[in-house]
Amino acid sequence: MPSIKVAILGFGTVGEGVYRILQEKREEIKESTGFTVDVVSILVKDKAKRRKPIQGAKFTDDIQEIWSNPEIDVVFEAIVGEEPAYTFLSEAIEKGCHIITANKKMFAKHGPALLKHAGFRNVQVGFEATTAGGVPIIRTVTNLVAGDRIKRIQGILNGTSNFILTKMRKEGSSFQAALLHAQKNGYAEADPADDVDGTDAFRKLMILSSLAFGRQPDWEDVPVIGIDHLESIDIIDASKGDLRYRHVADIWKDEKGKLQATVGPVLIGADHPLFSIDGVDNAIIVDTEYLGPLTLVGPGAGMYPTGSAMIADLLHIIRQHESVLVLN
């Protein structure tokens with residue numbers, strides 16, 4: 001049976017999640033696509049670190065060792081930060097590899113350049129996992145843009161912030177106590193600044209802006225406010241009035257056609273689609289000219305929602321490029 005060779009760059013929460021799903025779903029993927037998917041290389045910072053045993057793949061701390069293998073067809077990128085992720089993905093594209101990324105920090109800034117580069121090299125870029133974890137918003141927006149006109153996108157784009165706000169409302173927890181609980185459950189990083197100060201939601205909104213409107217607003221013109229200034233008394237008082245705080249990222253075109261965007265906590269009532277979204281769930285409302293408002297809901301944080309989104313990108317690439325994948 002033909003085989004697709006895969007490399008994974010980064011083996012933290014997301015990278016390991018991708019590997020585990022590929023192993024667990026190996027037979028299902030083979031039956032649905034006619035291909036086996038073999039992870040042959042995994043890039044890590046420290047080869048000497050003790051890890052759970054894996055089969056078939058080789059750990060390496062040298063990216064050139066991966067690039068020297070001409071059999072690799074697809075590269076999963078799960079590195080934190082802009083660099084070296086952007087450089088590595090650019091190199092992968094140049095070598096004719098399809099790429100799949102979960103790196104919203106890198107992709108918000110460099111996504112348009114990577115997509116253009118990939119177009120020249122006739123390879124695919126999967127970036128579903130950059131935005132809203134397990135919610136298939138990227139493919140949904142891509143399909144909507146083809147036959148409709150998107151007027152506005154509004155949503156809860158950070159599962160960590162939503163989890164914290166939910167704990168504060170339901171249990172009266174302080175912000176710090178709720179954050180600690182999120183970290184213990186793997187919903188927040190050791191350094192949670194980007195999640196709680198609004199930066200993470202902002203980056204995801206910019207990715208959606210490029211996709212939905214073909215451009216991004218000037219970053220410095222977008223007000224970005226986090227949830228780290230909210231206190232439990234604020235949350236409780238709002239609940240008494242049948243209102244809830246949600247951290248909402250919002251982008252739309254004004255009457256002059258200029259993109260406007262905001263990111264921050266807002267008070268919403270029970271009639272709002274985001275009112276009932278609790279825990280680590282994300283929810284996104286896409287308002288279109290013909291279809292009207294469409295709401296998508298799903299898990300936005302954790303190893304498996306993100307890993308699952310990356311595997312969905314892989315399956316899409318396989319089906320789109322069956323005839324040109326390098327087969328072994």
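Since the model is a prediction, treat every value here as computed from it, not as a measurement. For reference, positions follow the sequence shown, starting with 1.
Residue Met106 forms a side-chain contact (heavy atoms from CB on, under 4.5 Å) with just one option from Ile79, Leu114, Thr87, and that option is Leu114. Applying the salt bridge (charged side-chain N to carboxylate O under 4.0 Å, His left out) test between Glu82 and each of Lys109, Lys105, Lys104, Arg203 identifies Lys109 as the sole match. Test Asp200, Asp194, Ile164 against Asn158 for side-chain contact (heavy atoms from CB on, under 4.5 Å) and you get one pass: Asp200.
Applying the ring-ring contact (aromatic ring centres under 6.0 Å, His included) test to Phe127 and every residue at least two apart in sequence or in another chain returns Phe107. Looking at residues two or more places apart in sequence or on another chain, you find no ring-ring contact (aromatic ring centres under 6.0 Å, His included) involving His117. A search for side-chain hydrogen bond (donor to acceptor under 3.5 Å, both in side chains) contacts involving Asp242 returns nothing, not counting sequence neighbours. When the ring-ring contact (aromatic ring centres under 6.0 Å, His included) test is applied to Trp219, the partners found at least two apart in sequence or on another chain are Phe202.
Among pairs with a residue in residues 249-272, none fulfils ring-ring contact (aromatic ring centres under 6.0 Å, His included), at least two apart in sequence or across chains. Applying the salt bridge (Lys or Arg N to Asp or Glu O under 4.0 Å) test to residues at least two apart or on different chains, the pairs with a partner in residues 130-157 are Arg139-Asp313, Arg149-Glu289, Arg152-Asp250.
Using a 4.0 Å cut-off between a side-chain N of Lys or Arg and a carboxylate O of Asp or Glu, Arg51 and Glu16 do not qualify as a salt bridge. In summary, Asp278 and Lys167 do not engage in a salt bridge, as defined by a charged side-chain N under 4.0 Å from a carboxylate O.
Checking side-chain atoms of Arg319 against main-chain N and O of Thr33 turns up no donor-acceptor pair under 3.5 Å. With Glu77 contributing its side chain and Ile8 its backbone, the two residues share no donor-acceptor pair below 3.5 Å.
The aromatic rings of Phe11 and Tyr19 lie perpendicular to each other, with more than 60° between the two planes, well past the 30° mark.
The distance from the NE2 atom of His98 to the CG atom of Leu314 is 9.5 Å, given to the nearest 0.5 Å. Separation of atoms CD1 (Ile153) and CG (Leu208) is listed at 5.0 Å; rounding is to 0.5 Å. Note: Gln183 CD to Phe163 CZ = 11.0 Å, rounded to the nearest 0.5 Å. The SG atom of Cys97 lies 13.0 Å from the NZ atom of Lys5; values are rounded to the nearest 0.5 Å. Between Ser161 atom OG and Asn282 atom CG the span is 10.0 Å, to the nearest 0.5 Å. Expressed to the nearest 0.5 Å, how far CG of Asp61 lies from CD1 of Ile66 amounts to 10.0 Å.
Following chains of ILVMFWY side-chain contacts shorter than 4.5 Å, one can reach Ile100 starting from Ile21, so the two form part of one hydrophobic cluster. Hydrophobic clustering keeps Val80 apart from Leu9 (ILVMFWY residues linked when any side-chain heavy atoms are closer than 4.5 Å, directly or through intermediates).
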Query raised in the report: Step by step, would you call Asp197 with Thr199 a side-chain hydrogen bond (donor to acceptor under 3.5 Å, both in side chains)?
Result: CA-CA 6 Å; Asp197 69 9; Thr199 301; 2.7 Å; yes

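Within 6.0 Å of CD in Glu231 there are 12 or fewer heavy atoms belonging to other residues, nucleotides or ligands.
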